[in-house]
Amino acid sequence: MLQTNTENRQTIGSYWEASVPEPKPDRQLIGNAQFDVAIIGGGIAGLSAALKLAQSGVSVCVLEAEHVGYGASGRNGGFCCLGGTKLDYHQLIRKFGLEEARKFVAYQVAGVNLVAQRLDSWGVDASRHSRGEIALAHRPKDFTRLKSEAAFLKENFGIKPTLLSKEELDAEGYGGPEFHGGMLVPYGFALNPMAYVQALGEQVRLAGGKIFGKTPVSSLERDGDRWQAETQHGVVRARKIMLAGNGYAREDVPKWLHGRTMPVMSSILVTRPLSDGELSAQGWTTETMASDTRTLLHYFRLMPDRRFLFGTRGGLFENPAALAAMQKRARSDFDTMFPAWSGIEADYTWYGHVCLARTLTPFVGEVPGMEGVYAAMGWHGSGVAMASLSGEKIAGMITGTVRQQDLPVALQRPFRKFPLPFLRKLYLQGAYWWYGLKDL
């Protein structure tokens, strides 16, 4: 029997799934349909574009392989913060120049503000907390670097971080044997990403946009003056297409994507609620979202319900043995960094894809050689804010109110292919070994 809704809903065992009501299912596409715009991917970027288009009177559909929030948009650590690139501020200046680097950082700030405005205007309870994000030096020498970085950010970008010594960290509730100082950047906040992406999906529906669940796109071909997106039980014909699958995109839809991104793993655990005594024993009582200064970073935060979220980077493969090893490493790191909680059980563990590009920057614009096909992808692990704003920008390009050249140059450059794409994971394995040595 053909599936007409999201029965047999796929779940990943995340805390975010358990923390929100199960959403009304979007029916599967069966038969042929025609829209002005078809968007492949029902995450933050795709839904942001769909909302803007629907509000502009454009007929738009979202083709989602599972359900809203199934991919990275509903699996991430819930850090709405600056980022979206693996280039640091110095590298951005060297690559694009100071003015363009400033535009890119301003774009990131605008993305953070957009998410906050949406949550406020929609009245969404997304468990917001944390004023800014702190980087914690995992070695004493890294605090020296953070001091220099703070001065650099103030001089070149007008960002005024707050530096905290080891003693100040302990006094303010950032307790841990591996934290030797910190730099608090006053932008961003933490949230429940599933609550946000589900609210975004509901706004699309209310605005008249159509979302099809359980509708993966198997091919994308030109057909006269339209693009034809083929799905399991139907076909959508549209004048414009947006690619918004990020780390969950099929590399052959379209073929241009092949070899241009690299999905890697991020693993998250969430503990049971911690008592006041357990928090005091560790010395961690702050709700500020945090990460350490490792290249293979850890990211973590105490949530409003007193659960602790801890995430890691570094996985490559999705077979059971590799996933079990990744989660074992994550737990070992957690126990080392927060020894007072080494016996605390994790109520939830899950993983997701982080989308890396060879350019180490996102791409937001029209796909070369494919007139009418646009992409917004490659958030490098920090997509809540960046994807929100970039989806709106793609909608503007489609309606003619935004020009691609109006965006920061860092976002305009299409993804380049990795050399010998079939060896991508071997490259990354070598990089992980090197990063691990550097992080010691």
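Side-chain atoms are counted along with the backbone in the values below, which use heavy atoms only and exclude waters and symmetry mates. The structure displayed is predicted, hence computed values, not measured ones.
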**OP:** For residues Ile159 and Val105, determine if any side-chain heavy atom of one lies less than 4.5 Å from a side-chain heavy atom of the other.
**Re:** yes
Subject >> Main-chain N/O of Gly69 paired with Ser73 side-chain donor or acceptor, under 3.5 Å >> reply: no
Subject >> Asp223 and Arg226 ion-paired at < 4.0 Å >> reply: no
Subject >> Close side-chain approach of Lys210 to Phe212, heavy-atom, < 4.5 Å >> reply: yes
**OP:** Compute whether any side-chain donor of one residue and acceptor of the other, for Thr285 and Tyr174, lie under 3.5 angstrom apart.
**Re:** no
**OP:** Please indicate whether Lys160 has more than 12 foreign heavy atoms, meaning atoms of other residues, nucleotides or ligands, lying under 6.0 Å from its NZ.
**Re:** no
**OP:** Answer with yes or no after comparing the ring centroid distance for Phe152 and Tyr89 against a 6.0 Å cut-off, counting only values under it.
**Re:** no
Subject >> Phe189 and His129: CA distance, side-chain angles, deciding distance, ring-ring contact (aromatic ring centres under 6.0 Å, His included) verdict >> reply: CA-CA 6 Å; Phe189 54 90; His129 62 95; 9.4 Å; no
Subject >> Side-chain H-bond candidate by donor/acceptor type, His380 with Thr85, under 3.5 Å >> reply: no
Subject >> OH on Tyr15 to CG on Asp347, rounded to 0.5 Å >> reply: 10.0 Å
Original post:
Would a distance-only check, ignoring hydrogens and angles, find a side-chain to backbone donor-acceptor pair under 3.5 Å from Glu392 to Leu389?
Top reply: no
Original post:
Once the angle between the rings of Tyr248 and His353 is folded into 0 to 90°, is it parallel (under 30°), tilted (30 to 60°) or perpendicular (over 60°)?
Top reply: parallel
**OP:** Taking the side chain as every heavy atom from C-beta outward, state whether Pro254 and Met370 have any pair of such atoms under 4.5 Å apart.
**Re:** yes
**OP:** State the CE-CD1 distance between Met242 and Ile398, to the nearest 0.5 angstrom.
**Re:** 7.0 Å
**OP:** Answer yes or no: is there a side-chain heavy-atom contact under 4.5 Å between Val354 and Pro263?
**Re:** no
Original post:
Looking at side-chain heavy atoms only, is the closest gap between Ile211 and Val204 below 4.5 Å?
Top reply: yes
Original post:
Are Thr11 and Tyr70 close enough, and set up right, to give a side chain to side chain donor-acceptor pair (under 3.5 Å), and what steps lead you there?
Top reply: CA-CA 8 Å; Thr11 59; Tyr70 177 76; over 6 Å; no
Subject >> Donor-acceptor pair between Asp292 and His298 side chains, under 3.5 angstrom >> reply: yes
Original post:
Can Glu149 and Lys154 be said to form a salt bridge (Lys or Arg N to Asp or Glu O under 4.0 Å), step by step?
Top reply: CA-CA 9 Å; Glu149 187 76 358; Lys154 182 177 180 180; over 6 Å; no
Original post:
Ion pair present between Glu371 and Arg239, side-chain N to carboxylate O less than 4.0 angstrom?
Top reply: no
**OP:** Could you grab the distance from atom CZ of Arg358 to atom CZ of Phe415, nearest 0.5 Å is fine?
**Re:** 13.5 Å
Subject >> Val236 side chain near Leu63 side chain, heavy-atom distance below 4.5 Å >> reply: yes
Original post:
Given Lys240 and Glu366, is the salt bridge (Lys or Arg N to Asp or Glu O under 4.0 Å) satisfied, shown in steps?
Top reply: CA-CA 10 Å; Lys240 307 285 186 180; Glu366 191 168 18; 5.7 Å; no
Subject >> Stepwise side chain to side chain contact (heavy atoms under 4.5 Å, CB included) check, Tyr351 with Glu318 >> reply: CA-CA 10 Å; Tyr351 72 95; Glu318 290 190 68; 2.8 Å; yes
Subject >> Thr399 OG1 to Met397 CE distance, which is reported to the nearest 0.5 Å >> reply: 10.5 Å
Original post:
Under a 4.0 Å N-O cut-off, is there an ion pair linking Glu66 with Lys214?
Top reply: yes
Original post:
Can you tell me how far the CD1 atom of Ile39 sits from the CG atom of Leu243, to the nearest 0.5 Å?
Top reply: 10.5 Å
Original post:
Is Asp26 salt-bridged to Arg205, going by a charged N under 4.0 Å from an acidic O?
Top reply: yes
Subject >> Min side-chain heavy-atom separation Leu356-Thr261 under 4.5 Å >> reply: no
Original post:
Counting N and O atoms only, with roles assigned by atom type, does the side chain of Glu251 sit under 3.5 Å from a partner on the main chain of His258, one being a donor and the other an acceptor?
Top reply: no
Subject >> Under-4.0 Å salt bridge between Glu17 and Arg75 >> reply: no
**OP:** Can you label the angle between the Trp16 ring and the Trp350 ring as parallel, tilted or perpendicular, going by 30° and 60°?
**Re:** perpendicular
Original post:
Distance only, no hydrogens: is a donor on one side chain within 3.5 Å (strictly under) of an acceptor on the other, for Arg413 and Thr359?
Top reply: no
Subject >> Audit row: Asn192, Ser19, side chain to side chain donor-acceptor pair (under 3.5 Å) steps and yes/no >> reply: CA-CA 9 Å; Asn192 181 325; Ser19 67; 2.8 Å; yes
Subject >> Verdict with reasoning, Arg118 to Ser48, per side chain to side chain donor-acceptor pair (under 3.5 Å) >> reply: CA-CA 11 Å; Arg118 285 175 171 176; Ser48 295; 3.0 Å; yes
Original post:
Of Trp341, Phe79, Phe338, which meets ring pair (Phe, Tyr, Trp, His ring centres under 6.0 Å) against Phe300?
Top reply: Phe338
Original post:
Got a salt bridge between Arg128 and Asp120, using NZ or NE/NH1/NH2 to carboxylate O under 4.0 Å?
Top reply: yes
Subject >> Heavy-atom side-chain contact between Tyr299 and Phe310 under 4.5 Å >> reply: no
